[in-house]
Protein chains: 2
Amino acid sequence: MPKVGMEPVRRKALVDAAMRVIGDHGSLTVTMSEIAKQAGVSPALAHHYFGSKEQLLIETVRHHLQRLRDSTVTAMRAAKTPREKLSAVIHVSFHADQFAPETIAAWLAFYAEAQRSEETRRFLVIYARRLRSNLLANLKALCPREDAERIAEGAAAMIDGLYIRQSLRSAPISIEASIALTEDYINSLLAPLSGEAAVQRTDK
Amino acid sequence: MPKVGMEPVRRKALVDAAMRVIGDHGSLTVTMSEIAKQAGVSPALAHHYFGSKEQLLIETVRHHLQRLRDSTVTAMRAAKTPREKLSAVIHVSFHADQFAPETIAAWLAFYAEAQRSEETRRFLVIYARRLRSNLLANLKALCPREDAERIAEGAAAMIDGLYIRQSLRSAPISIEASIALTEDYINSLLAPLSGEAAVQRTDK
DNA sequence: TTTTATTGATTGATCAGTCAATCAAAAATA
DNA sequence: TATTTTTGATTGACTGATCAATCAATAAAA
């Protein structure tokens, strides 16, 4: 059945298969055979296109991080005010796909891998910076730079922390609750800073 | 030089060696040989005492989690007020030992492992619950239960998130900054709740 | 015919786990 | 006290399984 132009199709299939297998397995100690099988090709073909297991793994991270980035860009573009853009970033982070147990398990595995693979680490650093920077840019429109930096750091940490806690699957927090917790954090830290010193809250 | 009563000595040496090797390596794909070498014994002896690699890994998690628990109990006992106890919990979480890159790398590896090993997962769940519960107990003395639950959840997530972000070692956050961020979160969410609805803040 | 896609079979390396043998301390016995 | 027996500690050498990676061969397009 060999037809020309299969390369991009196979690459994508393999990269998706890798994510799925890693997510199910909850670890990077998956075999090329498993990945290839999931993608419906032979292990040899996976090697043919990616050269090595490590390279396939790296491409897998890259591909899925790119996807996340695209979602974020789209969501931010749809939002108008800085405050709405902030919410958009948060929403994308907790979007159903991202927050599925298998996806979280896969990301966790990649974080662990980043301790050893310089290239994997690089991609995850880019993600971490991007998250922080997306938050920061919009926060700066709402409060002084120094405060914005603090809050961005804290919000990014909270998002990542909600992920890792989710990975344990004990007392799982719903998507809505996760979003609420993060929004609440931003609101609470922003409240005393908005406008002048006056505190405008709606106490019952 | 075989002397009687070596068992507990060897077990501890192996469990410590495992933590160190895993931390350096940044992954659980370390060999029994490496661990045994680090502990100064033969691989066969490690098997003799632990039966399997998996069991050694599980004991390693247990042992180090127990250590963390002891630190927390001691620190909380030394603190007097609920608010001070909260700070104590936070401080222990970011204590130098815990926050060292190798330690963080090791914990990350165990979180990944927890996706596959039910027993490892159980221990980490216990840790997660304990952290949340230590926070919650003291928060309940400072605000209504519902709010306390929210804040405990958020603070626990922030602590774990600061860990995972630290693992990437890009733009590392200092111990002090991590503590400040977490304290700041608690203060900010507590502020509008303390006492009656009146907002008592010290705006410049 | 040349190029691209694809695989089955094979290799070489790595490791967890096993086992029989050794060595020295402790306990029992003479 | 001197001698023998038992037991715990320890290892080197080995095995079996697993897996990434290679390669030569095949089959279908171009």
Side-chain angles (χ1 to χ4, degrees), chain A residues 1-22 24-61 106 109-110 112-113 115-120, chain B residues 1-22 24-61 109-110 112-113 116-120:
Chain A
M1 301 118 192
K3 239 198 325 203
V4 141
M6 279 291 100
E7 177 156 356
V9 177
R10 295 304 188 205
R11 291 189 94 98
K12 183 161 185 312
L14 281 162
V15 146
D16 282 337
M19 194 69 174
R20 220 167 319 132
V21 172
I22 291 166
D24 286 345
H25 207 266
S27 151
L28 294 193
T29 63
V30 293
T31 66
M32 286 297 255
S33 302
E34 287 174 277
I35 297 174
K37 191 174 186 181
Q38 173 77 215
V41 298
S42 77
L45 193 67
H47 272 100
H48 173 66
Y49 282 127
F50 290 94
S52 71
K53 183 184 172 185
E54 177 161 20
Q55 200 54 40
L56 167 55
L57 261 27
I58 288 168
E59 298 288 331
T60 303
V61 175
F110 284 124
E113 174 70 4
Q115 303 295 317
R116 299 192 298 144
S117 156
E118 183 55 39
E119 211 159 350
T120 302
Chain B
M1 296 114 198
K3 236 189 341 195
V4 139
M6 280 290 101
E7 177 156 356
V9 177
R10 295 306 187 205
R11 290 189 95 98
K12 182 161 185 312
L14 282 162
V15 147
D16 282 336
M19 194 70 173
R20 220 167 318 132
V21 171
I22 291 166
D24 286 344
H25 207 265
S27 151
L28 293 194
T29 64
V30 293
T31 66
M32 285 297 257
S33 301
E34 286 174 277
I35 297 173
K37 192 175 186 182
Q38 173 77 214
V41 299
S42 77
L45 193 66
H47 273 99
H48 173 65
Y49 283 127
F50 290 94
S52 72
K53 183 183 173 187
E54 177 161 21
Q55 201 53 42
L56 167 54
L57 261 27
I58 288 169
E59 298 287 330
T60 303
V61 175
F110 284 123
E113 174 70 5
R116 299 191 299 141
S117 157
E118 183 54 39
E119 211 159 350
T120 301

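Throughout, protein chains are lettered first and strands after them, A, B, ... in sequence-line order, and every chain is numbered starting at 1.
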Whole angstrom is fine here: how far is it from [atom1] in [X] over to [atom2] in [N]?
X     : N      : atom1 : atom2 : result
A:L57 : D:dC19 : CG    : C1'   : 14 Å
B:M32 : D:dT11 : CE    : C1'   : 15 Å
B:M6  : C:dA26 : CE    : P     : 11 Å
A:E34 : D:dT18 : CD    : C1'   : 11 Å
A:H48 : D:dT22 : NE2   : C1'   : 13 Å

Output the distance between atom CG (B:L14) and atom OG1 (B:T60), rounded to the nearest 0.5 Å.
8.5 Å
Lys/Arg N to Asp/Glu carboxylate O, A:E7 vs A:R10, below 4.0 Å
no
Carboxylate-amine/guanidinium proximity below 4.0 Å for B:D24 and B:R20
no
Just do the side chain to side chain donor-acceptor pair (under 3.5 Å) check on B:E34 and B:T31 with the steps written out, would you?
CA-CA 5 Å; B:E34 286 174 277; B:T31 66; 3.3 Å; yes
Looking at C:dG17, D:dT11, D:dA21, which one has an atom nearest to any side-chain atom of A:H47?
D:dA21
So, is B:R10 close to the D:dG8 phosphate, meaning a side-chain N or O under 4.0 Å from OP1 or OP2?
no
How is [X] classified with respect to the nucleic acid when contacts are heavy atoms under 4.0 Å: base, sugar-phosphate, or nothing?
X     : value
B:Y49 : sugar-phosphate
B:V30 : sugar-phosphate
B:S42 : base

